[in-house]
Amino acid sequence: MLLPFLIVGGVGLVILLISLLLGDIFDHFEIGDGAISGTALGIAAVVFGAAGVLTSTAGLDLVWAYVLAIAFALVAYLLAVVFVRRLTKSSDGVPLSALGLTGVTRSTVSASGGEVSLDGPGEVERRLAYADETIAEGVRIRVVEHSGTRVKVIAD
């Protein structure tokens with residue numbers, strides 16, 4: 001009797017852990033403009049399993065255990081989606097462009113890659129960089145192209 005609730009709750013816990021460790025697994029599918037959230041589905045499945053186990057061990061009929069578990073899971077899903085969207089909207093999310101910034105190479109930079117430190121607001125870590133021509137470590141550089149987290153640099 002409890003097995004379906006335990007299985008769904010366990011699957012939900014796995015989905016939730018994957019979403020928290022690796023990021024939302026449903027973001028890659030572009031379904032419904034973010035209407036399906038792996039984090040929210042994981043939360044809903046865990047709540048379904050927990051609510052089902054609690055209501056069925058409380059002595060309610062199995063039908064009521066399913067009805068209450070589904071109701072609690074839907075409420076949990078909707079609350080999770082609202083909170084995830086609110087957090088997403090409140091995050092800074094838009095990276096600043098590094099185009100034109102100067103800095104120093106921290107390793108040899110070539111077409112295959114390297115690392116640079118940039119002089120700019122919010123630039124506290126090293127960035128992955130590449131260049132058309134090999135640039136030795138410790139040389140001043142300038143960013144001429146910015147693509148994602150990588151920057152293309154030239155010797156300054």
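Just so it is clear, the values below take in all heavy atoms, side chains as well, and ignore hydrogens, waters and symmetry mates. What you see is a predicted model, and the numbers here were worked out from it, not measured in a lab.
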Problem - Worked check of ring-ring contact (aromatic ring centres under 6.0 Å, His included) between F48 and F5 - result: CA-CA 7 Å; F48 174 83; F5 297 116; 5.4 Å; yes
Practice task
Report yes if some heavy atom in the side chain of Y66 is under 4.5 Å from a heavy atom in the side chain of S56; otherwise report no.
Solution key: no
Problem - Shared hydrophobic cluster, L13 / L3 (ILVMFWY, side-chain heavy atoms < 4.5 Å) - result: no
Fill in the blank from the handout: Between the NE2 atom in H146 and the NZ atom in K152, the distance rounded to the nearest 0.5 Å is 14.5 Å
Practice task
Please examine the side chains of L78 and V82, heavy atoms only from C-beta on, and report whether any two atoms are closer than 4.5 Å.
Solution key: no
Practice task
Spell out, yes or no, whether I154 and V104 are grouped together once hydrophobic residues are joined by side-chain heavy atoms under 4.5 Å, including indirect joins.
Solution key: no
Practice task
Quickly, which of V11, I18, L17 forms a side-chain contact (heavy atoms from CB on, under 4.5 Å) with V14? Name it, please.
Solution key: I18
Problem - Residue pairs involving residues 111-120 (criterion side-chain hydrogen bond (donor to acceptor under 3.5 Å, both in side chains); sequence neighbours excluded) - result: R106-S117, S110-S112, E115-R126, D119-R140
Exercise for the section: Check whether V144 and L128 end up in the same hydrophobic cluster, where Ile, Leu, Val, Met, Phe, Trp and Tyr are linked by side-chain heavy atoms less than 4.5 Å apart. Expected result: no
Exercise for the section: State, to 0.1 Å, how close L2 and V53 come at their nearest heavy-atom pair, and which atoms those are. Expected result: CD2-CA, 4.0 Å
Exercise for the section: Mind checking salt bridge (charged side-chain N to carboxylate O under 4.0 Å, His left out) for R142 and listing every partner two or more places apart, or none if nothing turns up? Expected result: D156
Handout entry: hydrophobic_cluster_shared for L54 and V75, side chain cutoff 4.5 Å
Key = no
Handout entry: Remaining members of hydrophobic cluster (4.5 Å side-chain criterion), V109
Key = L101, V116, L118, I135, V139, I141, V143, V151, V153
Exercise for the section: State, with a plain yes or no, whether a side-chain heavy atom of Y77 is found less than 4.5 Å away from one of I43. Expected result: no
